[in-house]
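Remarks on the structure that follows.
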Amino acid sequence: MEYEAIKAQRAAILIKVAMAAVILIEAVAYQHTKTLNFGSITMTLGVLCLLRGLLSSPYMLTMPVKAWFKQNVCVNSVSSKYFLCAFILLCAGSMMHV
């Protein structure tokens, strides 16, 4: 039990670092071009929602991705809402980014 808690905590820290990196990359892109690209901002929000959905379900962080589809892993309702929001934002951002 302790090992899984440590593993989930490490994964949560890694996801938070990835979220900070995504925000930093978007800020640097804005500073470099001095223009707001709404497609890029929408896709950034979609990636952040996707990472937040992973962060909301700690059980998924303790097992490899291949096991998510083999076993009957249930996703809580908060994570599924974040995943749905991420899907919508990524689709809209890909249309706006072109």
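Predicted model, so just to flag it, every value in this text is computed and none were measured.
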- Could you grab the distance from atom CD of Q31 to atom CG of L24, nearest 0.5 Å is fine? 9.5 Å
- Task: Check whether any side-chain heavy atom of F83 lies under 4.5 Å from a side-chain heavy atom of L54, and answer yes or no.
- Result: yes
- Determine whether L55 and R52 make a side-chain contact, defined as any pair of heavy atoms from C-beta on separated by less than 4.5 Å. yes
- Roughly how far, to the nearest 0.5 Å, is CD of E2 from NZ of K7? 15.0 Å
- Go through the structure and list residues passing side-chain contact (heavy atoms from CB on, under 4.5 Å) with T42, not counting sequence neighbours. L89, A92, M96
- Query: Which is it for L51 and V47 under the side-chain contact (heavy atoms from CB on, under 4.5 Å) test, yes or no, and what are the steps along the way?
  - Reply: CA-CA 6 Å; L51 292 173; V47 169; 4.2 Å; yes
- Message: If you define the side chain from C-beta out and look only at heavy atoms, does anything of R10 sit under 4.5 Å from I6?
- Response: yes
- Non-hydrogen side-chain atoms of L50 and Y82 separated by less than 4.5 Å: no
- Message: So, taking the atom named OH in Y30 and the one named OG1 in T35, what distance separates them when rounded to the nearest 0.5 Å?
- Response: 8.0 Å
- Query: Is it the case that one hydrophobic cluster holds both F38 and I88, taking links as side-chain heavy atoms less than 4.5 Å apart, direct or via other members?
  - Reply: no
- Is the backbone N or O of C91 less than 3.5 Å from a side-chain atom of S94, with the two atoms forming a donor-acceptor pair by type? yes
- Message: Hydrophobic cluster membership, with links at side-chain heavy-atom distances under 4.5 Å among I/L/V/M/F/W/Y: are L45 and L84 in one?
- Response: no
- Message: Restricting to non-hydrogen atoms, name the atom on A86 and the atom on G46 that form the minimum distance, rounded to 0.1 Å.
- Response: CB-O, 3.3 Å
- Give, for atom OG1 of T44 and atom CD1 of I23, the distance between the pair rounded to the nearest 0.5 Å. 9.0 Å
